[in-house]
Amino acid sequence: RVLDDAGEARGEWRPELSPDVLRRGLRAMMLTRAYDERMVRVQRQGKTSFYMKSTGEEAVAVAAAMAIDRNDMCFPTYRQQGLLVARDWPLRDMMNQVYSNSGDRLRGRQMPVFYSSREAGFFSISGNLGTQYSQAVGWAMASAASRDSRIAAAWIGDGATAEGDFHYALTFASVYRAPAILNIVNNQWAISSFAGFAGGEATTFAARGLAYGLPSLRVDGNDFLAVFAATQWAAARARANLGATVIELVTYRADGHSTSDDPSRYRAADEASAWPLGDPIERLSRHLTAIGEWDEVRHAALAEELKEHVREEGRASEALGTLGQGPQHDRASMFDDVYKEMPAHLRRQREQMLEGR
Amino acid sequence: RVLDDAGEARGEWRPELSPDVLRRGLRAMMLTRAYDERMVRVQRQGKTSFYMKSTGEEAVAVAAAMAIDRNDMCFPTYRQQGLLVARDWPLRDMMNQVYSNSGDRLRGRQMPVFYSSREAGFFSISGNLGTQYSQAVGWAMASAASRDSRIAAAWIGDGATAEGDFHYALTFASVYRAPAILNIVNNQWAISSFAGFAGGEATTFAARGLAYGLPSLRVDGNDFLAVFAATQWAAARARANLGATVIELVTYRADGHSTSDDPSRYRAADEASAWPLGDPIERLSRHLTAIGEWDEVRHAALAEELKEHVREEGRASEALGTLGQGPQHDRASMFDDVYKEMPAHLRRQREQMLEGR
Amino acid sequence: MARMNMIQAINSAMDICLANDQKVVVFGQDVGYFGGVFRATDRLQERHGETRVFDAPIAEGGIIATAVGMGAYGMRPVVEIQFADYIYPGTDQLISEAARLRYRTAGEWWSPITVRTPYGGGIYGGQTHSQSPEGIFTHVAGLKTVIPSNPYDAKGLLIAAIEDDDPVLFFEPKRLYNGPFDGHHDRPVTAWSKHPAGEVPEGHYQVPLGKAAVVRPGSAVTVLVYGTMVHVALAAAEETGIDAEVIDLRTLVPLDLETIVASVDKTGCCVIVHEATLTCGFGAELAALVQQHCFYSLEAPIERVAGWDTPYPHAFEWDYFPGPARVGAALRRAVER
Amino acid sequence: MARMNMIQAINSAMDICLANDQKVVVFGQDVGYFGGVFRATDRLQERHGETRVFDAPIAEGGIIATAVGMGAYGMRPVVEIQFADYIYPGTDQLISEAARLRYRTAGEWWSPITVRTPYGGGIYGGQTHSQSPEGIFTHVAGLKTVIPSNPYDAKGLLIAAIEDDDPVLFFEPKRLYNGPFDGHHDRPVTAWSKHPAGEVPEGHYQVPLGKAAVVRPGSAVTVLVYGTMVHVALAAAEETGIDAEVIDLRTLVPLDLETIVASVDKTGCCVIVHEATLTCGFGAELAALVQQHCFYSLEAPIERVAGWDTPYPHAFEWDYFPGPARVGAALRRAVER
Ligand SMILES: Cc1ncc(C[n+]2csc(CCOP(=O)(O)OP(=O)(O)O)c2C)c(N)n1
Ligand SMILES: Cc1ncc(C[n+]2csc(CCOP(=O)(O)OP(=O)(O)O)c2C)c(N)n1
Ligand SMILES: [Mg+2]
Ligand SMILES: [Mg+2]
């Protein structure tokens, strides 16, 4: 932890960051939150089927994205949309995916928020928890074997650490010294069950890394500066071919698991309002204010600007359709990309569908 | 480690064991080795298809079996035949399994050495590495839930710790405080690859347990007294409902992986003869001699007696058949036990086989 | 008698088994305190305690592995895999262990586990919340596979599965939880409360494993279905006016071949419908068996209507889902021979 | 031209791909320094270095997962699963990831991995060293499944698989490694060196995926086989003197349906043989397709000869293995209609 309650940055882990960089981080976190808020609204309006927010966890993704290189490869979960935002990926493209509309690069195939962007170095999100974590290590092994300086950064939730892929990732990362940053996002909840059900009570998640001989850090995930500093350190190690680092990011899922979830059924109503660890956005803006680089007027203005920006992007995306209203891609396209070339049996099936058989 | 090179027992972990108990342990280890030697010979003679020795690892199984209760449940790998021997299970019954003969309780269904004995508290050995480890934790959870004082003891090889089941076992054991002893048999080899390929270079296997909040011990697996003491301690913890303990047993696979293996292809010829950590049998007999409870004459006599015993048991078992010569169970029995009651389609298939269709 | 939807019927089955047999335990992700993401275990922890109904780590492999171990101890674990799409990390323990334990020990040990898991599409779940993987497990000797299509059967079959001494995979058609959805996604679904099969006894009863049900007698064509497709087939029969005999298999393994053969010998043709992808789906086995046993009474090729051989596409759910139109067309082709 | 057994042919295929394409890497348990428990990767580490040919931890799930990640990076990983019986911990990464990556990203990413694994019985391997799990993977859209039956095809198909941009499962009939075993376990096996298909070019060539081979032309009955069963079927044809047309499928998915249909339309009957358990094996799909496409030319029920629906029993290997006697009996039944 670098930022204290007063917004002061303390300790040796305090990174040297210019006010501009800090403001960029603040902006990306605020934009991520504004985006989340709009998308939940449009989901309620029936414009799409599902949505997942990252409220309270914006620093985990945004600070990490800013601490690694633009072309390092990210293997995220469904709660790191902040990576795309921090990498200035167009919101309208993300919205097109959420709407499965005619502009969706994924051609309406994936559930909302399962983004993919090769260009943004953002690996395809799988609905299956944990699988990306071990894949990231494979990607990093390949990068190292190719004498490529790019590293891989992966994220996994506290709950998903119980999957075999977590164990595979740490084992292979240790055995092959993979240049990877293995982030564990401990937001204290896995849908309705708290982190203890992944073994997070008996010890920390960071401790897991040590058991494989991997240096491991445990940081305040709502502290932009701390996340940035830890990630920067891990990235430098990986690039120096010193291998992988495990980073546990302690944060808090401030909202429901998804639009299909009702947290009031399993956690105290006031727990969220108490907001353990505080709001990462507030904390960074307090710090900027403390160092005289920010104030309420600018904050309010920025909030307004971002809200307007999200609205515009939303209009642009909805012009390309929504899941509720369409338009969408041509349904016949659903037979493409199962294989590189469409085999005969899929051509037959496409015919059948078009003939209504 | 309790036994030093001179055969002296030192340190606070030194268990209070009567010379009789030690002699029983020595006998079981020597019998296990004599058994292994004969079975490899008969395999070479074509009397069965396959065999796996535990040479050099006898203490791992025998001392553990003696340190837990007779009705605690063991979930072994294929290298803990010493458990059955230490529990005085008839060798001829084990041989019947190896021969898949008419006396084989498993009705010729399993490959040699994949023993199973409910009566001996020895769980069915699976060909699939690691699966028994997580099952043992489930068994232990059930025992605890049933307020049963029996505990589970499981074994896994260094190589197999890389499987997901290892991670599941430690996670569930930690979350549910399962009364289990989780042994990791680090014999430094996994067929041709050394323990480093399971991440055993960067750290110890015992360290894995700590990462899940489980107390973990690392013991000299060729030291009968050390294995006994560690197991006894872990068993007491489990029975007091303090949860699971991880024990790494450092030992050495003194021979090939199996009769299908040729270690000269992947490890130095003299490595085995150097015998890292020494021979557990020699070390215990040296200790007994040091305390004036054993001598060469008695040792030689015992060796002779055991050899004769194995020969007799072999004759008794071979009278019931060998894989090469038969007799075996009725082949129609191969349709039994797929389900509790044989469904129609299997009855049809059995008919077909008998009619040669 | 009470009126129950499918979730309530499934909940009641577990509730009764927990009450009748101390050896029954229920666990899985979010099933304990929360009562399951589909509410199937609602209140069970409250009623039966935390040691018998509890939450599990997110490790399907570990859930099934520990269930197998508990089964070996002598318990009857009932585990929930939150979505059938997530069962794959558990395949090794299911195929290599649960299915084979009795065989490899010649009956010395066995694993009487029940694995409940919601399957099938129709809820905009995309490729990872819509799959029908039953065909993978029906290939595995030693496993039983059960798929109910209504509350009455769901409760009776689940009780039978839990009380059965073999490992049973119990696939729950999630699209049917609230009502007999017939594939007309543009129309409101009638609630189970208005359906005869929504009449469910409160107490203990079994619907035997391995017995199919003729849910619509007919003479023109035999339709083999299970789960969600039962109601789609019934709708297609009504809408085409074709006198189809609709057979709800209910149990895939062991299969009620007699009922199938008797029907096809009578009708002379057969349409098979499932939501799983076509190639190597359970329909392939059905077609192989029907042509083998009814070869001389078949008057037309057996038709398979199934999910296309692609992942389940989020936006094109209703082009993927084998609805009444496709099934109706197949019925027509079958009778217009 | 050189004389190679199947292991040498497979080794040569990997050797050539490693030499031609820096993006090819080979790894798996014991494949590096040791050269594989079946010697398939013998000397490859020596020739191509430890970063391109290496040992892996005992974690099939991790092996396939890291291969998928390497594939996403742009490499062409070729991994070995030591026995097909141990592929199950990798099913999630194969089914949920490798098979779907291209689809779910609309072609933005893909996973050109090749998974080699020895399958089938006949070596007294019992239930955990004898399985034929191909039918589980042929159900999965996005995967290709290849099974060679001789050294020439093995090399050409493996090169094609490695150079293919889709994930390919390459099942190697371990009983054929040393010779064309025909099921007569009581007779010596003739070595590949005495078999025409043991003539293998030293250099690079492909046998295209998706093309079957008519290995024995005939007019009386069509026999559909792959892997070990090719030689069993040929033996059965010779021994019964029945003029069978034996088709070696070579690739199961995508399937060469044309060749199959043309043959059955000609012969009027069809026998399908595989070693995998009968129920829901790949033979079920073949039977379903043949009856659908050849209904009006079929003169007798399609026969399936397969492994019994039990685990592979160690002591009764030869009662389990579908040998020439069983296949011959099926041929007779087919022609004596
Ligand atoms: C293999 C698998 N099992 C179960 C699920 C269902 N599921 C989706 S999210 C979730 C909880 C994940 O919790 P955590 O890993 O802590 O991530 P968080 O949602 O807190 O960010 C579960 C159980 C899944 N998607 N994949
Ligand atoms: C799931 C699985 N993968 C691979 C194998 C093949 N295999 C059998 S033993 C073995 C080596 C195991 O090494 P280790 O766990 O250290 O046990 P040890 O043989 O040294 O006692 C391997 C890879 C297997 N039996 N099961
Ligand atoms: Mg979480
Ligand atoms: Mg070992």
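Order of the sequence lines sets the chain letters (A, B, ...), proteins ahead of strands, with each chain counted from 1.
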Gap between atom [atom2] of [Y] and atom [atom1] of [X] - 0.5 Å precision:
X	Y	atom1	atom2	answer
L101(C)	F123(B)	CG	CZ	4.5 Å
M141(B)	Y73(C)	CE	OH	13.0 Å
F27(C)	F172(B)	CZ	CZ	6.5 Å
R102(C)	R109(B)	CZ	CZ	10.5 Å
D165(B)	E97(C)	CG	CD	8.0 Å
E341(B)	L209(C)	CD	CG	10.5 Å

E108(C) side chain to S124(B) side chain, donor-acceptor N/O pair below 3.5 angstrom: no
Flag if over 12 foreign heavy atoms under 6.0 Å of [atom1], [X]:
X	atom1	answer
E258(C)	CD	no
K266(C)	NZ	yes
R43(C)	CZ	no
F295(C)	CZ	yes

[X], part contacting chain B, at a heavy-atom distance under 4.5 Å:
X	answer
D256(C)	neither
V253(C)	side chain
D92(C)	side chain
I64(C)	neither
M75(C)	side chain
K23(C)	neither
A67(C)	neither

Under a 4.5 Å cutoff for heavy-atom pairs, which residue among [options] has the most contacts with chain C?
options	answer
H345(B), R107(B), R105(B)	R105(B)
S333(B), A144(B), S117(B), A145(B)	S117(B)
S146(B), A142(B), G164(B)	A142(B)

Nearest non-hydrogen partners of Y176(B) and P57(C), listed with the distance: OH-CD, 3.4 Å
Exercise: identify the closest heavy-atom pair between W139(B) and A72(C): CD1-C, 4.1 Å
Under 3.5 Å, is there a donor-acceptor pair between the side chain of [X] and the main chain of [Y]?
X	Y	answer
D337(B)	T105(C)	no
Y103(C)	M334(B)	yes
Y339(B)	L143(C)	yes

Side chains of Q93(C) and S134(B) in contact at under 4.5 Å (non-hydrogen atoms):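 Result yes, sub-4.5 Å side-chain heavy-atom pair found.
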R104(C) side chain near S126(B) side chain, heavy-atom distance below 4.5 Å: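 Side-chain contact under 4.5 Å: yes.
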When A59(C), A56(C), G61(C) are compared by non-hydrogen pairs under 4.5 Å with chain B, the top option: G61(C)
N128(B)/R100(C) under side chain to side chain contact (heavy atoms under 4.5 Å, CB included): CA gap, chis, key distance, verdict: CA-CA 12 Å; N128(B) 300 64; R100(C) 304 230 167 89; 5.8 Å; no
L346(B), part contacting chain C, at a heavy-atom distance under 4.5 Å: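 For L346(B), there is no contact with chain C at all, as no heavy atom is under 4.5 Å.
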Cationic tip of R118(B) above W110(C) ring, under 6.0 Å, 45° of axis: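 Here R118(B) passes the 6.0 Å and 45° test against W110(C).
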